[in-house]
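Chain naming here is simple, since letters A, B, ... match the order of the sequence lines and numbering starts at 1 in each.
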2 protein chains.
Amino acid sequence: MPEQENNEMRSAEFDREQVLRAAMTAFMEKGYAKTSMQDLKAATGLHPGSIYCAFQNKRGLLLAALEQYNRDRGDELQALFSQFSSARAGLAAYLTHVVDECVSCDPQKLCLTQKALNELAEQDTEAQAILSEQCAMWRNALCAVFERIADQGELTGARTPLDRARSLIVSIYGLRTFAHTHPEPQIMRDLGAQILKDVCQ
Amino acid sequence: MPEQENNEMRSAEFDREQVLRAAMTAFMEKGYAKTSMQDLKAATGLHPGSIYCAFQNKRGLLLAALEQYNRDRGDELQALFSQFSSARAGLAAYLTHVVDECVSCDPQKLCLTQKALNELAEQDTEAQAILSEQCAMWRNALCAVFERIADQGELTGARTPLDRARSLIVSIYGLRTFAHTHPEPQIMRDLGAQILKDVCQ
DNA sequence: TTAGTTTTTGAATGCTTATTCAAGATATGA
DNA sequence: TCATATCTTGAATAAGCATTCAAAAACTAA
């Protein structure tokens, strides 16, 4: 009888979150295709066998890392907005934060969701499903922000919060892509300020 | 003496533009890293030796394809705008065209410049230089469009044409990224309309 | 036609890759 | 302390990759 039901099994020695965050940064720096198992071994400290045991394969590790990334970013977003009683001030701070990430040119500060979207949304339908849901979560979070801004009377025009959330997501995607060629701080800041204006109008 | 100066040399049998367009679509569908030389052989009809003779290596073929893509897109843009006496109507048609490409979900209709920007701008500085210049050309073309719109008295606010051109590029990058998860025609059209409004305000 | 030169061809090369697996190490429960 | 089950290890595997090269084909010039 190889199976035991009630006994405590020996648990893995590595810290799952730590491993996933290491994998995240590896994928961010090189992209999925160019990150080899050797790279992942070096980044995570796990031997190939352990990776395959824990995550099935390289793709499984990416999907798990994507989900960890989404959780981390969700927490981060909530923490940032909870610092502001004015929702509009929170949004301004959020955009400034994104612009700062773009300007830093630090590969570890780009958006893994966006990177994965560009690299494998068209090829891998399972990844696309995960990414679609993550985008929906992001959209909903931003939608709630715009509802709060509206409640606080800081919105000019008649657009719905959902419309605004979508436009903001489009703008942030664009900002991050644009930064690949033009990370000049002044230009990036101006673009961020204009986005805030347009989306609150 | 192996070198001949004045004699006509035998010319290659393949059509360079045709080969580059075939390579373009191959790279668009799979991205640079995942497109193998086998794929490129199948797409272009050229044997490996010929590709290496004409373009040095796989990366050289990509760079040449990027330049062909940029030429083609520049011509296309000029052709589109020349159909309209109202520059603002031309811009509206341009945005509609981009939205249609997004909605089609056809891998051959995405933007190779943007795809390359995402995949290898951070790793390959020579590619980054080429892409930066292509983006500058695009920006200048759009800047000229906004100057014409201003001359025709169709611009509301006080922003410079250059600012507007940059914002439009950001928005189009974002639109194309967004479409990877949400290519619903109505949403995409609304986003396109909003971008036009914001950028002409 | 013929000689000379170039392109085309596609098999061979050597390297890298993701993945597997059996042996060794280690924790658990009695 | 021992027996057992689990995790860890890293070398082995097989497939795929970009690239090369020498032979064959084909164009040019005479």
Side-chain angles (χ1 to χ4, degrees), chain A residues 1-20 22-24 26-27 29-66 116 119-120 123-124 126-127, chain B residues 1-20 22-24 26-27 29-66 116 119-120 123-124 126-127:
Chain A
M1 290 290 147
E3 308 249 348
Q4 292 183 235
E5 298 286 337
N6 288 333
N7 285 355
E8 296 251 340
M9 293 195 301
R10 183 183 168 196
S11 61
E13 277 176 8
F14 61 86
D15 179 306
R16 192 183 160 92
E17 286 197 6
Q18 196 174 305
V19 163
L20 288 178
M24 264 167 46
F27 285 130
E29 288 189 21
K30 294 203 174 191
Y32 174 70
K34 273 195 196 141
T35 304
S36 68
M37 287 303 297
Q38 268 201 116
D39 295 331
L40 292 168
K41 182 192 162 188
T44 63
L46 256 51
H47 291 252
S50 298
I51 294 180
Y52 279 81
C53 178
F55 304 103
Q56 292 252 70
N57 50 29
K58 182 183 161 188
R59 182 166 159 276
L61 178 56
L62 173 77
L63 299 186
L66 279 175
E119 187 171 352
L120 41 84
Q123 308 251 58
D124 183 329
E126 191 183 344
Chain B
M1 289 291 147
E3 306 250 346
Q4 292 185 236
E5 297 287 335
N6 288 332
N7 285 354
E8 297 251 341
M9 292 196 302
R10 181 185 169 195
S11 59
E13 277 178 6
F14 61 85
D15 180 306
R16 192 182 159 92
E17 288 198 5
Q18 196 175 305
V19 163
L20 288 177
M24 267 166 46
F27 286 130
E29 288 189 21
K30 293 203 176 190
Y32 175 69
K34 273 195 196 142
T35 304
S36 68
M37 287 303 295
Q38 268 202 116
D39 293 332
L40 292 167
K41 181 191 160 188
T44 63
L46 255 52
H47 291 253
S50 297
I51 294 179
Y52 279 81
C53 178
F55 305 102
Q56 293 250 71
N57 50 29
K58 182 184 160 186
R59 180 166 159 277
L61 178 56
L62 174 77
L63 299 185
L66 280 175
E119 186 170 353
L120 41 85
Q123 310 252 57
D124 183 330
E126 192 183 344

* **Side-chain heavy atoms of B/L20 within contact of B/L61, under 4.5 Å** => yes
* Asked: Is there side-chain contact between B/L40 and B/F27, with heavy atoms separated by less than 4.5 Å?
  -> yes
* Structure fact -> With the side chain defined as heavy atoms from C-beta on, A/M37 is closest, among C/dT20, C/dA18, D/dT19, to C/dA18
* Asked: Considering only D/dT19, D/dC17, C/dA18, which nucleotide approaches the side chain of B/Y52 most closely?
  -> D/dT19
* **From CA spacing to verdict: side chain to side chain contact (heavy atoms under 4.5 Å, CB included), A/D39, A/E29** => CA-CA 11 Å; A/D39 295 331; A/E29 288 189 21; over 6 Å; no
Please report the distance, rounded to the nearest Å, between [atom1] in [X] and [atom2] in [N].
X     : N      : atom1 : atom2 : answer
A/Q56 : C/dT20 : CD    : P     : 9 Å
A/L46 : D/dC7  : CG    : C1'   : 11 Å
A/K41 : D/dA11 : NZ    : C1'   : 10 Å
B/K34 : C/dT16 : NZ    : P     : 21 Å
B/K58 : D/dT20 : NZ    : P     : 14 Å

* To do: Quick one: do A/E119 and B/E119 satisfy side chain to side chain contact (heavy atoms under 4.5 Å, CB included)? Show the steps, please.
  => CA-CA 7 Å; A/E119 187 171 352; B/E119 186 170 353; 5.7 Å; no
* Asked: With a non-hydrogen cut-off below 4.0 angstrom, is A/S50 in contact with a base, only sugar-phosphate, or nothing?
  -> base
* Given D/dC17, is OP1 or OP2 found less than 4.0 Å from the side-chain N or O atoms of B/Q38? -> yes
* Asked: Counting only side-chain N and O atoms of A/H47, is one of them less than 4.0 Å from OP1 or OP2 of D/dT8?
  -> no
* **Toward the 5' end of DNA chain C, by each residue's nearest nucleotide, B/I51 or A/D39** => B/I51
* **Which residue lies more 5' along DNA chain D, comparing A/G49 with B/T35 via nearest heavy atoms** => A/G49
